[in-house]
Amino acid sequence: MILVKNLNLLGEGTQKKVYEHPEDANKVIKIMKPEHATATGGRVGQHHLRAHRSQGIYKQFRRELLQYLQLCKNNYGKFDFTFPIETVYGFAPTDEGLGLVTEKVLDPNGSITSLYELATQNIFDDKHAQALDSFFDACAEQHVVFGEVNIAGIMYTEQRQGFPEFVLVDGIGEKLLIPFRAMSKSINTRNIRKIESYIKSQINYY
């Protein structure tokens with residue numbers, strides 16, 4: 001079992017903490033914050049029936065894993081396992097619960113840089129704009145379903161595939177009880193374009 005106190009914290013959101021993998025610098029371990037979980041793995045503060053349905057505190061992991069598997073299935077004949085979302089490698093047990101192991105997306109300087117940082121630091125330029133257009137186009141074409149995507153959950157890299165690109169690392173997968181977006185590519189594309197417009201509205205470049 002991995003002890004969280006021995007890990008290097010890379011960042012955190014409202015629900016998860018992200019740590020550097022102790023044995024592979026190219027991977028991270030995502031851990032749901034234990035303060036949001038009950039002793040039986042449900043979600044704190046929710047009605048007990050809702051809190052304990054499905055995978056409880058790990059529902060976000062389930063959405064992301066299912067989305068990654070769906071993309072792998074759709075691209076089976078190409079033997080392609082790299083998509084506009086982060087690559088999922090598996091799970092790791094820790095003393096703060098199960099961790100989801102994914103790739104670490106790094107910028108050209110070897111740092112973790114989000115679209116939010118590029119935008120707020122006013123260093124977003126033509127190169128980034130082209131990469132962002134390609135990102136949303138790829139998500140629409142490959143039928144990537146967004147959950148709660150925001151500007152801070154999209155990371156920038158140039159060495160992942162040898163060219164400038166953005167990679168979604170948060171808010172992945174269908175959240176709707178009736179999975180309209182997962183069932184319909186056209187409905188999903190409309191949602192992607194809506195989110196694209198909203199995110200671009202937060203960047204001065206546009």
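Hydrogens, waters and symmetry mates are skipped; everything else that's a heavy atom, side chains included, is used.
- Using a 4.5 Å heavy-atom threshold, the side chains of Phe136 and Phe166 count as separate.
- Counting only N and O atoms by type, the side chains of Lys16 and Gln60 include a donor and acceptor under 3.5 Å apart.
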Sequence neighbours left out, cut at 3.5 Å: what donor-acceptor pairs do the side chains of residues 1-9 make with other protein atoms?
none

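- Heavy-atom minimum distance, Gln159 versus Leu106: OE1-O, 3.4 Å.
- Phe163 places a side-chain heavy atom less than 4.5 Å from the side chain of Glu165.
- Side-chain atoms of Ser111 and Thr113 form no donor-acceptor pair, as typed in the model, at a separation below 3.5 Å.
- By the 4.5 Å heavy-atom criterion applied to side chains, Cys72 and Phe83 are counted as neighbours.
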>> Run the side chain to side chain contact (heavy atoms under 4.5 Å, CB included) test on Val149 and Asp170 for me, step by step, so that the C-alpha distance in whole Å, both residues' side-chain angles and the decisive distance to 0.1 Å come before the verdict.
In response: CA-CA 7 Å; Val149 172; Asp170 195 24; over 6 Å; no
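- Atoms OH and CZ, on Tyr76 and Phe81 in that order, are 8.5 Å from each other to the nearest 0.5 Å.
- Inter-residue side-chain proximity for Thr82 and Gln161 is flagged as met; some heavy-atom pair is nearer than 4.5 Å.
- Residues Ala182 and Glu174 share a closest heavy-atom pair of N-OE1, 3.0 Å.
- Cation-pi check for Lys30 over Phe61 is not met; the charged atom does not lie both under 6.0 angstrom from the ring centroid and within 45 degrees of its normal.
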>> Test side chain to side chain contact (heavy atoms under 4.5 Å, CB included) on Gln142 and Asn74; report intermediate values, then the result.
In response: CA-CA 8 Å; Gln142 297 197 37; Asn74 293 346; over 6 Å; no
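- Shortest non-hydrogen contact noted between Glu103 and Ile85 is OE2-O, 4.2 Å.
- Within the 4.5 Å cutoff, side-chain heavy atoms of Met155 are placed close to those of Ile112.
- For Tyr58, the OH atom sits in a packed shell: over 12 heavy atoms of surrounding residues, nucleotides or ligands are nearer than 6.0 Å.
- Using cut-offs of 30° and 60° for the angle between ring planes, the Tyr206 and Phe124 rings count as tilted.
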>> Between Glu148 and Lys175, is the salt bridge (charged side-chain N to carboxylate O under 4.0 Å, His left out) condition met? List the steps.
In response: CA-CA 8 Å; Glu148 294 180 352; Lys175 290 193 66 176; 2.6 Å; yes
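- Criterion: ILVMFWY side-chain heavy atoms under 4.5 Å apart, direct or through other members. Under it, Ile172 and Ile57 are part of a common hydrophobic cluster.
- Of the inter-residue distances, the one linking Gln202 atom CD with Asn204 atom CG reads 10.5 Å to the nearest 0.5 angstrom.
- Rounding to the nearest 0.5 angstrom, the gap separating the CG atom in Leu71 from the CG atom in Asp80 is 9.5 Å.
- By the 6.0 Å contact criterion, NZ on Lys127 is enclosed, its count of non-hydrogen atoms from other residues, nucleotides or ligands being greater than 12.
- Judged purely by distance below 3.5 Å, without hydrogens or angles, the side chains of Gln130 and Asp126 never pair a donor atom with an acceptor atom.
- Taken together through direct or relayed side-chain contacts under 4.5 Å among Ile, Leu, Val, Met, Phe, Trp and Tyr, Val169 and Ile192 form parts of separate hydrophobic clusters.
- With hydrophobic clusters built from ILVMFWY side chains whose heavy atoms lie under 4.5 angstrom apart, Tyr205 shares a cluster with Leu115.
- Ile199 and Phe135 fall within a single hydrophobic cluster, where Ile, Leu, Val, Met, Phe, Trp and Tyr are joined by side-chain heavy atoms under 4.5 Å apart, directly or via other members.
- Environment of OH in Tyr198: sparse, with no more than 12 heavy atoms of neighbouring residues, nucleotides or ligands closer than 6.0 Å.
- Annotation: salt bridge (Lys or Arg N to Asp or Glu O under 4.0 Å) contacts involving residues 184-193, sequence neighbours excluded, comprise Asp137-Arg193, Glu141-Lys185, Arg193-Glu196.
- Between Glu12 and Lys33 a salt bridge is recorded (basic side-chain N to carboxylate O distance below 4.0 Å).
- The NE2 atom of His143 sits 4.0 Å away from the CG atom of Asn188 when rounded to the nearest 0.5 Å.
- In this structure, the side chain of Asn150 engages the main chain of Gly153 through a donor-acceptor pair within 3.5 Å.
- Contact record, Glu158 with Pro108: CD-CG, 3.3 Å, taken as the closest heavy-atom pair.
- Of the possible donor and acceptor atoms, none in the side chain of Lys104 sits under 3.5 Å from a partner among the backbone N and O of Glu20.
- When side chains are defined from C-beta on, Val28 does not count as touching Val105, because their heavy atoms never get closer than 4.5 Å.
- Rounding to the nearest 0.5 angstrom, the gap separating the OG atom in Ser184 from the CG atom in Asn191 is 11.0 Å.
- Residues His128 and Leu118 approach most closely at CD2-CD1, 3.8 Å, considering heavy atoms.
- Between the CG atom of Asp125 and the CD1 atom of Ile123 there is a distance of 8.5 Å, given to the nearest 0.5 Å.
- Within the 4.5 Å cutoff, the side chain of Val167 has no heavy atoms near those of the Ile154 side chain.
- The hydrophobic clustering, which links ILVMFWY residues whose side-chain heavy atoms are closer than 4.5 Å, places Phe91 and Val101 apart.
- The pair Asp133-Lys200 meets the salt-bridge criterion, since a charged nitrogen lies less than 4.0 angstrom from a carboxylate oxygen.
- Shortest non-hydrogen contact noted between Gly99 and Thr94 is N-CG2, 4.5 Å.
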> Is there a side chain to side chain contact (heavy atoms under 4.5 Å, CB included) between Glu64 and Thr102 once you walk through the steps?
Replying inline: CA-CA 10 Å; Glu64 182 167 345; Thr102 68; 3.9 Å; yes
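- For the pair Tyr19 and Leu10, the minimum side-chain heavy-atom distance is 4.5 Å or more.
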